[in-house]
K.L.:
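Have a look at the structure that comes next, please.
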Number of protein chains: 2
Amino acid sequence: MPDPNPSAAAPDTNRSAKGPGRNKRADAQRNEQTLLTAAAAVFVTSGVDAPIRRIAAEAGVGMGTIYRHFPTRADLVVAVYRHQVDACAEAGPRLLDSADSPFAALREWADLFVDFLVTKHGLANAMQSNSGGFEALHAYFLDRLVPVCEQLLDAAAEAGEIDPGTRAYELMRGIGNLCVGRDSDPRYDPRRLVDLLLKGLLRPRSTSA
Amino acid sequence: MPDPNPSAAAPDTNRSAKGPGRNKRADAQRNEQTLLTAAAAVFVTSGVDAPIRRIAAEAGVGMGTIYRHFPTRADLVVAVYRHQVDACAEAGPRLLDSADSPFAALREWADLFVDFLVTKHGLANAMQSNSGGFEALHAYFLDRLVPVCEQLLDAAAEAGEIDPGTRAYELMRGIGNLCVGRDSDPRYDPRRLVDLLLKGLLRPRSTSA
DNA sequence: TACGATACGGAGCGCTGTTCCGCTTTGTCA
DNA sequence: TGACAAAGCGGAACAGCGCTCCGTATCGTA
């Protein structure tokens, strides 16, 4: 959690009143984080309509805890969304350090990104009402993630692994489009196609060039 | 789930093969009609997601009867849709005979049409999957209803109640658009606006001209 | 350490979709 | 006409869900 954003009274972009509890008890804060992670995992496998019970079980908490932190399903989905955006954004630089190469980092990052898209697409359905808030979240998504993706692309290009020229927005949108459709048709695995897309970025290996 | 659903496959001009059961027992045929009428009424007040129990109660039948006739909710919604289209189409000429004037007939017809739109809009949500079948149903809707509306408009124009020129498709689409949104906000009553729209067609009464 | 305040867990309620089977109605045939 | 299989009906019963409520456990503080 690199950005705990402690007690500052600054005009916080958001969460000033609702976000990760500022004055909450330690266990409550822990549970909130646990819930966000667990919900994200469940969303990936069962969609954003997964039973509350299942999410509670995954997190190892009672249902009451979920309802206390996130009174409505939309609240939970939105919170997971933001959490995932943040996690994805923070993962970029970290992967760049830990992975074998910038391109490897990009592939790992894309994997996280695909997980996140499940939540993102589910969000649209879960928020048919207040579409205004949805657009704000989309803007947040772009602000945070495009630069990270850009950074990964640049690093890979600088390392000579891929040709420069492909832009982050375009790539992210392409990945996003590959992931539309909530069916679990075994004949269509978005992840496989995303990997293909990424491999397409690669320059021919020097051995063959 | 590529379900081999025969009802959505062929947009049969009408009931030649699937409609009100040809070889069914008399009581079964009666029940099917009763159900279609009852479901339509419930849809208007509670939307297409109304509990099956409520529809069964409205029709005065058991739940088993609904499931026997319409295995899935989509089946029921589609059947109601067709039924409503037919009813609306047949009501046009009848109202022209029975109402005080062609314009009065048009207003009454519009009232039926607004009821029907609830089902129509619900249909889009209920058929997110096989959108192909949906387009076929929409075509059926246009084929059957536009001519009827045209007839009503022409009759009113011929009687000198309204100015000629307004086309049926445009009017129907206008009414349809006034009815979007499923909220039961008391501040927005589509029916009131539709009535306004229709009054707008009227020529000034001869007394003032 | 002692004691509110805070948060937790999950049993319980009411609602839903869906199935299943004993009973009723219908159509037919002698 | 009466009898009898087949077709159809009703609704109890089951399973799964969202959501609430309150006795209990944990935390932070004096």
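Reminder, nothing fancy here: chain letters follow the sequence lines and each chain counts from 1. No experiment lies behind these values; they were computed from the predicted model shown.
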K.L.:
Counting the benzene-type ring for Trp, do F141(B) and F116(B) have ring centres under 6.0 Å apart?
P.N.:
yes
K.L.:
Roughly how many Å is it from CG in L76(B) to C1' in dT18(C), rounded to a whole number?
P.N.:
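Value for this atom pair: 15 Å.
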K.L.:
Which is more 5' along DNA chain C, the nucleotide nearest G64(B) or the one nearest G60(A)? Just name the residue.
P.N.:
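Nearest-nucleotide comparison on DNA chain C picks G60(A).
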K.L.:
Write down the distance between CG (N23(B)) and P (dG27(C)), rounded to a whole number of angstrom.
P.N.:
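In whole Å, dG27(C) P lies 13 Å from N23(B) CG.
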K.L.:
I'd like to know whether CZ of R173(B) has more than 12 heavy-atom contacts from other residues, nucleotides or ligands below 6.0 angstrom.
P.N.:
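No, the 6.0 Å shell around CZ holds no more than 12 heavy atoms from other groups.
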K.L.:
Of all the choices, dG9(C), dA11(C), dT26(C), which nucleotide is nearest to the side chain of M63(A) once you look at every atom?
P.N.:
dA11(C)
K.L.:
Find the distance E32(A):CD to dA7(C):C1' and express it as a whole number of Å.
P.N.:
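Spelled out: CD on E32(A) to C1' on dA7(C) is 13 Å.
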K.L.:
Whole angstroms only, please: what is the CD1-P distance between I66(B) and dG8(D)?
P.N.:
16 Å
K.L.:
Describe the nucleic acid contact of R68(A) in one word from base, sugar-phosphate, nothing, applying a heavy-atom distance below 4.0 Å.
P.N.:
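Touches a base.
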K.L.:
Nearest whole angstrom, please: distance from the P of dC17(D) to the CD1 of I55(A).
P.N.:
11 Å
K.L.:
For D100(B), is the CG atom crowded, meaning more than 12 foreign heavy atoms sit under 6.0 Å from it?
P.N.:
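Open: at most 12 neighbouring heavy atoms sit under 6.0 Å from CG of D100(B).
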K.L.:
Determine whether a donor-acceptor pair (one donor, one acceptor, N or O, separation below 3.5 Å) exists between the side chain of R25(B) and the base of dA7(D).
P.N.:
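Flag set: donor-acceptor pair detected.
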K.L.:
Rounding to a whole Å, what distance do you find between I52(A):CD1 and dG9(C):C1'?
P.N.:
15 Å
K.L.:
Once you round to the nearest 0.5 Å, how far does CG of D111(A) lie from CG of L198(A)?
P.N.:
9.5 Å
K.L.:
In whole angstroms, how far is the P atom of dA7(C) from the CG atom of N31(A)?
P.N.:
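My rounded result for the distance is 11 Å.
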K.L.:
Closest nucleotide of DNA chain C for D27(B) versus for R53(B): which of these residues is on the 5' side?
P.N.:
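The residue whose closest nucleotide sits nearer the 5' end is R53(B).
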K.L.:
Are the charged groups of K120(B) and D115(B) less than 4.0 angstrom apart, N to O?
P.N.:
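No, no charged N to carboxylate O under 4.0 Å.
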K.L.:
With a cut-off of less than 4.0 Å, is there a side-chain N or O of H69(A) near OP1 or OP2 of dC8(C)?
P.N.:
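Checking dC8(C) against H69(A), a side-chain N or O does come within under 4.0 Å of OP1 or OP2.
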K.L.:
Between dG17(C) atom P and Y67(B) atom OH, what is the distance in whole Å?
P.N.:
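Going from OH in Y67(B) over to P in dG17(C) covers 6 Å.
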K.L.:
Does a nitrogen or oxygen in the side chain of T65(A) sit under 4.0 Å from OP1 or OP2 of dG9(C)?
P.N.:
yes
K.L.:
What contact category does R54(A) fall into here, base, sugar-phosphate, or nothing, at under 4.0 angstrom with non-hydrogen atoms?
P.N.:
nothing
K.L.:
Could you work out which one of dC19(D), dA7(D), dC27(D) sits closest to the side chain of R30(A)?
P.N.:
dC27(D)
